[in-house]
Amino acid sequence: MAQMRLVIIGGGLAGAEAAWQAARRGVDVDLLEMRPRKTTPAHGTGLLAELVCSNSLKSDRENSAPWLLKQEMRRTGSFLLEIARRCAVPAGQALAVDRELFAGLATEAIAAEPRIHLRHTEVSEIPGQGTVIVATGPLTSDSLAASIQRLTDCARLFFYDAISPIVDSETIDRSIVFAASRYNKSIPSQTPAYPASSGPVSTADEAGDYLNCPMNEAEYQQFHEALMAAESVQRHEFEDCRYFEACLPLEELARRGRDTLRFGPMKPVGLTDPRTGRRPYAVVQLRQENQRADSFNLVGFQNHLKFGEQKRILRMIPGLGEAEFLRYGQIHRNTYINAPTLLSGTLQLHSDPRIFFAGQICGVEGYVESIATGMLAGIHAATLLQTGQPALAPPRESALGSLCHYITHADAKNYQPANIAFDLLPPLHTTTPRRPDRMQRRARQCQIALEQHEQWLEACNAMPPVESAS
C-alpha cells in the first residue's frame, strides 16, 4: 500500500484535479496545501481550487479552441469542470463561475473523498522517494522553489502576472451602463445543482450577459491621459517584471499607443449604446463575479497602479463615478519551469520519472489549461503506480496532446506560458483543390481531435481498472 500512495504538492486547480483523478482510479493520495497556514499575496482564502485572476474559464463557443479543450476534459471526466457547471454565472459565450461557490464545492468534495488525505502544511523539499506531482502553481513558496531549482538545475523560475479589479454591483450607475453581449450573442445559462447558500441565483439578463460602460472620444482621451500619468506600485530591486503578453497590465497597454486599449480590452465592436443608438467610441465591460450578481470584475483591467490611483482613474469610467471597489488590481509573481528541457509528454521529469509537474508551474497559462494538465498528471501517475508501465500520452491531434506537445517541444530559449489555441494543433491537410474557410477548418480540426481523443481515452481506460467516484 505504501507503493500505491501518491503525494501531490499544491491544492490549487491542477492539484485538486490530479488528486481526484488518481483517487477515482484506486490510488490513495496525500494532498499537501500550505494555505491557510501560510498565505500568498494573491489568495484570499484557504479553500482548494481558489480562482485568483478572474472568474472566467474561457469560451464555450462551439469549435473554438477553449471549447475543444473543455470537451475533451469533460469526456475524460474532469472533476472541476463538473463543479464549474454547477457554479456557472452569465458570461455570454464564455464559461464563468461564482468563485466562492466553486472553491467551496471543490473543497467539500475533496474532503469527502476517502482516498484523498488533505493536509495543510508547507512543503519545502520535493520528497526523495515515492511518486510525486508538483502542482504548486504561480505562487510557489520560496523554499520549495529553491528545491525545484536544485532538482531541475534551472536558474530562473519567475515571471509576473496581473489580476483585475472588482466593483460592488450596487454602486454601478445603471442609467449609463447598459447590459449586452457582443453582437447579442449568448449561451444558455446553466442552473447549478447546488445554488449559493445566500441570495437568489441569477440568470442571464435578456439584454445581455455583460454590463458595458460606454465612452465617447473625449472621455476615452481623458482616461488614456490619466493612465499614462498614473503612479504605479514601486517594484523591488530584485523584481524583473516579465509580463505574459496575453495578460498585460492596463497601463502597459496604454503606453503602447493611444488606441491600443480601444482595440484591446476596451474595444466597442458588436455593441450599441441604447441611449444613442450608435456604437460607442470605447467600452469597458463588466463581467458578473458570482451567482448573486452583487459584484462585477472589469474585464481585461489588470493593472499595477497604486490603490489610490486606481480608485481615482477607474471612477473616470462612465457609470463608475461613485463605484466602490471590493478588490483592486494587483501584480503577483508566477513560477514556471523550463518544461521543454525537463519534461516528457506525460509531464514527467526526464531525470526522475517518478516526479510529475502540472498546472502553471509547467508552463501553461489559464485556469482550464491548469486543470487539464492536473487531470493528465493524475491519470498518468495512477497508471504508473498501478501498472508500473509508462502512461499513454494524449495524441498530438487532440487539444490535450497539443498542449502537452507545446510544453515539451517549445523553444526552450524563449519559453513562455501558453493558452490553448488552434496554432498549437497540427495544421489541417486537405487533398481538395479548394481550401476550406477558417470556420470549416476549425470544425474539421475539432472533429479530428475529438475522434483521436476518444481512441486515447479507450486505450487509457483499458489499462488500470477505473473505480467509480465516491
Side-chain angles (χ1 to χ4, degrees), residues 10 12-14 18 53 58 64-66 68-70 72-73 133-138 140 145 148-149 151-162 240-248 333-353 355-377 379-380 390-429 442 445-446 448-449 452-453 456:
L13 295 171
C53 294
K58 299 183 183 175
S64 66
L68 173 62
L69 180 60
K70 282 182 282 189
E72 293 179 9
M73 293 165 64
I133 296 176
V134 181
T136 46
T140 299
I148 294 170
Q149 285 179 309
L151 178 70
T152 60
D153 197 27
C154 287
R156 298 183 68 91
L157 292 175
F158 310 121
F159 80 112
Y160 287 78
D161 201 0
D240 174 20
C241 281
R242 295 178 294 152
Y243 299 116
F244 178 46
E245 279 293 317
C247 196
L248 289 170
R333 190 185 75 187
N334 262 353
T335 306
Y336 66 96
I337 61 174
N338 196 336
T341 65
L342 298 170
L343 299 185
S344 70
T346 51
L347 307 179
Q348 293 169 272
L349 271 182
H350 290 303
S351 60
D352 194 346
I355 299 175
F356 297 76
F357 280 81
Q360 285 184 275
I361 197 165
C362 72
V364 293
E365 175 65 23
Y367 294 149
V368 178
E369 291 84 346
S370 294
I371 297 170
T373 53
M375 180 185 73
L376 290 173
I379 293 171
H380 295 336
L392 296 173
R396 175 72 175 89
E397 296 83 358
S398 67
L400 288 168
S402 292
L403 191 63
C404 292
H405 185 269
Y406 172 81
I407 293 170
T408 55
H409 291 81
D411 179 4
K413 291 183 179 179
N414 300 292
Y415 184 52
Q416 278 200 336
N419 299 109
I420 188 63
F422 276 105
D423 61 357
L424 298 189
L425 272 71
L428 182 65
H429 298 290
R442 290 185 172 180
Q445 282 180 294
C446 290
I448 293 171
Q452 292 295 313
H453 171 266
W456 169 77

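For reference, positions follow the sequence shown, starting with 1.
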Glu369 side chain reached by Asn419 side chain, heavy atoms, under 4.5 Å: yes
CZ of Phe357 to OG of Ser344, rounded to nearest 0.5 Å, is 11.5 Å
How far does CG of Leu428 sit from CZ of Arg442, to the nearest 0.5 angstrom? 12.0 Å
Shortest non-hydrogen contact from Leu424 to Tyr406? CD2-CD1, 3.8 Å
Which residue in the set Leu69, Val368, Leu400 passes side-chain contact (heavy atoms from CB on, under 4.5 Å) when paired with Ile420? Leu69
Has Ser402 got a side-chain atom pairing as donor or acceptor with Arg396's backbone, closer than 3.5 angstrom? yes
Apply side-chain contact (heavy atoms from CB on, under 4.5 Å) to the pair Ile361 and Ile148, showing each step before the final yes or no. CA-CA 10 Å; Ile361 197 165; Ile148 294 170; 3.5 Å; yes
When you compare the side chain of Ile407 with that of Thr373, does any pair of heavy atoms fall below 4.5 Å? yes
Let me confirm one number: the CD1-CE distance from Ile371 to Met375, rounded to the nearest 0.5 Å. 9.5 Å
Heavy-atom check, side chain of Thr136 versus side chain of Thr335, under 4.5 Å: no
Side-chain heavy-atom pair Gln348, His380 within 4.5 angstrom cut-off: no
Under a 3.5 Å distance rule, please check whether Tyr336 uses its side chain to pair with a backbone N or O of Tyr415 as donor and acceptor. yes
How close do Ala449 and Glu397 get, heavy atom to heavy atom, and via which atoms? CB-O, 3.3 Å
Do the rings of Trp456 and His453 sit parallel, tilted or perpendicular, given the 30° and 60° boundaries? tilted
Ala410 and Pro340 have their tightest heavy-atom pair at O-CB, 3.4 Å
Please identify which of these residues, Leu347, Leu343, Leu349, meets the side-chain contact (heavy atoms from CB on, under 4.5 Å) condition with Ile355. Leu349
Any non-hydrogen side-chain atom of Ile448 less than 4.5 Å from a side-chain atom of Leu425? no
In terms of heavy-atom contacts, Ala421 and Ala65 come closest through CA-CB, 3.8 Å
Residues Gly366 and Lys58: closest non-hydrogen pair is CA-NZ, 4.3 Å
So do the side chains of Leu376 and Leu403 get within less than 4.5 Å of each other, counting heavy atoms only? no
Identify the heavy atoms of Thr408 and Cys404 that sit nearest to each other, and give their distance. OG1-O, 2.8 Å
Quick check against the 3.5 Å criterion: does His409 have a side-chain atom that pairs as donor or acceptor with the backbone of His405? yes
